[in-house]
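Okay, structure first, notes after.
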Amino acid sequence: MSNGPEKSEPAWLGSARTFSRSLDRVISIACIVLFAALVLTVVWQVIARQVLQNPSVWSEELARYVFVWLGFFGAALVFSERGHIAMDFLVRKLPNRWLRVALILAQLAISGFIAVVFVWGGLRYVEQAWTQSLSALPLTVGPMFLVMPISGALIIWYSVLHLVEALTSATPRDLLVAEDVPVIAPPTTDTLDEGPSSDTSKEA
Amino acid sequence: MDTASLVGLILLIGIFGCIALGFPIAVSIGLPSLVAIVTLVGFDSALIASPQRVFTAVNNFTLLAIPFFVLAGVLMNSGGIAGRLVDAAKVMVGKMPSSLAQTNVVANAMFGAVSGAAVAAAAAVGSVMTPRMVKEGYNRPFSAAVNVASAPAGMLIPPSNTLIVYSLASSTSIAALFMAGVGPGLLWTVVVMVVAFIGSRRFGGNVATAHVSFGQGLLVLWRAFPSMLMIVIVIGGILTGQFTATESSAIAVVYCLVLGFAYRTVKVADLPKILLAAARTTAIVMLLVGVSGLLSWVLSFARIPQLVADGLLGLSDNQFVITLLMLVILLVVGMFMDPVPAILIFTPIFLPLWITFGLSPIHFGTVITFAFCLGVITPPVGNVLFVGSMIAGLRVEPVIRRLLPFFFGLAVALLITAFLPALSTWLPIQMGLMAPT
């Protein structure tokens with residue numbers, strides 16, 4: 001399985017990757033918009049109650065569903081970036097052949113779990129709860145629940161892509177995520193005395 | 001074999017097997033839980049119940065505090081808060097011997113408190129302090145060790161995302177938990193300060209106590225004041241009952257945003273990037289919370305906590321011995337797992353046993369968090385250790401050697417936290433947030 005020429009990639013893999021990057025961008029924009037909406041909704045809830053003395057009846061429910069949508073779409077994006085917390089310190093010690101097997105198993109596990117719970121089970125539940133009303137918003141549960149099968153389908157797309165990469169990559173080791181690095185590069189401004197050398201924030 | 005043992009076996013082998021194989025932890029929890037649920041109720045019921053469990057676990061208004069605190073933390077980080085806090089810490093402890101080491105510890109406690117993230121604290125404060133300590137002649141691995149050891153205190157000092165996760169897993173009050181975290185969080189900081197003080201005799205540098213005039217000192221504290229005020233607003237709002245934890249976290253976001261604009265360190269053009277960074281962290285935690293909804297359901301359905309309790313009580317009926325045993329298990333688990341999934345997995349298993357001892361679930365929250373805080377600075381999996389070493393430009397091994405005395409001191413502090421309930425519960429009881437036990 002690990003023999004073959006350096007570039008044993010099927011030709012369509014490149015276009016699949018390009019498509020994935022566009023998909024990433026769409027999901028990112030959705031997450032940004034949803035997050036902004038989430039902040040505004042809860043801030044509105046506080047203003048309505050504390051300032052206007054007129055508590056909002058719908059803001060809490062709206063915030064919850066916006067958050068769930070944000071979370072599931074964000075989860076799909078993080079799957080695309082292989083960013084979910086995992087412990088690969090054992091797998092790292094494996095020789096390439098077995099490392100590849102572990103990577104393939106991981107993607108099969110992701111696809112299998114997501115397919116059953118998020119997509120299959122999710123769609124069944126959407127069907128069942130399609131007309132069940134929410135308590136405060138003029139909406140029903142089913143459509144709100146659609147986020148699970150939708151994000152599930154996205155996750156499976158990414159996972160299948162990663163599976164193909166694990167099968168075809170000449171260097172499966174590159175497919176491991178780098179060691180955990182802080183998401184945030186720490187910029188440091190003015191300080192009291194001697195200026196700190198704050199150029200040490202390496203991002204791997 | 002009865003069903004409960006079978007399910008227990010599936011979960012034990014499945015979860016740890018999947019984690020060892022390097023699967024994402026969310027899937028490592030979810031897949032075996034799904035298999036266990038299918039064993040218990042059959043495929044058809046599992047198919048319809050599982051997505052509901054995942055969805056219900058995350059469709060929770062309290063959980064919303066996490067994205068907001070994460071976002072506030074990212075905003076603070078982009079806002080150059082670390083430098084101001086380091087300066088304030090220096091004014092506070094700069095006159096002590098080993099002043100730079102103490103400054104690092106106090107700055108980490110403050111930064112951890114406002115940002116709630118140990119890794120961010122180690123990165124932000126470490127990148128200011130470690131080079132400065134080395135320049136003043138401190139031993140480099142020791143400087144990194146001081147930074148690494150002090151960073152997790154912020155996970156105990158409120159506001160803390162880790163405590164919010166525990167509050168979800170245990171259905172306990174966030175306000176009470178936040179107040180309960182103060183004592184152990186300060187204990188953590190003091191222990192690190194003491195060990196750093198002793199260690200500085202051997203590994204310390206010049207006793208550079210730059211003289212700061214009173215007026216200058218006041219100015220520095222004033223400049224750090226707005227960042228510290230955030231804690232007051234958030235905690236004050238929750239304690240006075242003006243806001244829920246979620247609302248006060250949203251206010252923290254607005255406050256940090258205003259601060260960032262006022263300091264001109266955050267630009268409107270940066271906001272999408274900042275929101276996206278916070279969305280990623282949020283999604284990782286949310287997925288874990290969601291699949292843990294499956295796990296905790298199957299655990300209680302198969303009565304696994306009772307099984308574990310019977311097993312532990314079979315070894316000894318001495319409460320002291322059982323508690324020690326639990327602490328050892330938590331420490332070992334913490335060496336390998338991140339705090340959030342570890343709390344989500346082990347709270348439903350150990351909490352019922354803890355309660356049968358007549359102890360408070362609030363107290364257990366600080367104990368389990370303290371134990372897993374130690375986990376983030378221990379190998380083989382310890383984010384804070386890795387980041388702190390990386391920032392010092394070191395491999396992990398030399399830092400671990402200098403960290404050993406800190407481990408020892410903090411392990412003693414863990415014992416104190418576990419066997420002295422008042423350290424955690426005194427403050428929330430005084431504030432009327434929990435009933436005296």
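Letters A, B, ... mirror the listed sequences (proteins, then strands); counts begin at 1.
A pairwise comparison of heavy atoms in B/Pro51 and A/Phe145 identifies O-CZ, 3.7 Å as the closest pair. Across all their heavy atoms, B/Ile284 and A/Gly83 have their closest contact at CD1-O, 3.6 Å. Nearest heavy atoms, B/Leu31 versus A/Ala109: CD2-CB, 3.8 Å. Between A/Ala75 and B/Ala283, the closest heavy-atom pair is N-CB, 3.2 Å. Nearest approach of B/Leu64 to A/Ala63, heavy atoms of both residues: CD2-CB, 3.7 Å.
Only the side chain of B/Leu287 comes within contact range of chain A, judged by heavy atoms closer than 4.5 Å. Heavy atoms closer than 4.5 Å to chain A are found nowhere in B/Val35, neither backbone nor side chain. The part of B/Val254 that comes within reach of chain A is its side chain, from C-beta onward, which places non-hydrogen atoms under 4.5 angstrom from that chain. Contact annotation for B/Ala49: neither backbone nor side-chain heavy atoms come within less than 4.5 Å of a heavy atom of chain A. Only the side chain of B/Leu34 comes within less than 4.5 Å of a heavy atom in chain A; its backbone stays farther off. Contact of B/Leu294 with chain A is made through the side chain alone, with heavy-atom distances under 4.5 Å. Of the two parts of B/Ser50, the backbone and the side chain both hold a non-hydrogen atom closer than 4.5 Å to a non-hydrogen atom of chain A.
Scored by the side-chain contact (heavy atoms from CB on, under 4.5 Å) test, B/Arg395 finds B/Glu397, B/Pro398 as partners (sequence neighbours excluded).
Residues A/Phe35 and B/Ile274 have side chains not in contact (no heavy-atom distance under 4.5 Å, counting atoms from C-beta outward).
Scanning residues 26-33 of chain A against chain B with a 4.5 Å heavy-atom cutoff picks out A/Ser28, A/Cys31, A/Ile32, ordered by number. Proximity to chain B among residues 148-156 of chain A is limited to A/Met148, judged by heavy-atom separations below 4.5 angstrom.
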Using side-chain contact (heavy atoms from CB on, under 4.5 Å), reason through A/Val42 and B/Phe243 one step at a time and then give a plain yes or no. CA-CA 11 Å; A/Val42 179; B/Phe243 317 129; over 6 Å; no
| request: Given side-chain contact (heavy atoms from CB on, under 4.5 Å), test B/Val27 with A/Phe79 step by step and report yes or no. | output: CA-CA 11 Å; B/Val27 174; A/Phe79 268 111; 4.2 Å; yes
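Applying the salt bridge (Lys or Arg N to Asp or Glu O under 4.0 Å) test to pairs two or more places apart or on separate chains, those with a residue in residues 110-136 of chain A are A/Arg124-B/Asp44.
Interface remark: of the candidates A/Leu34, A/Val68, A/Leu103, A/Val68 forms the most heavy-atom pairs closer than 4.5 Å to chain B. Annotation: maximal heavy-atom pairing with chain A below 4.5 Å, among B/Thr246, B/Val291, B/Asn60, occurs at B/Asn60.
Relative orientation of the B/Phe55 and A/Phe72 rings is parallel, given thresholds of 30° and 60° on the angle between their planes.
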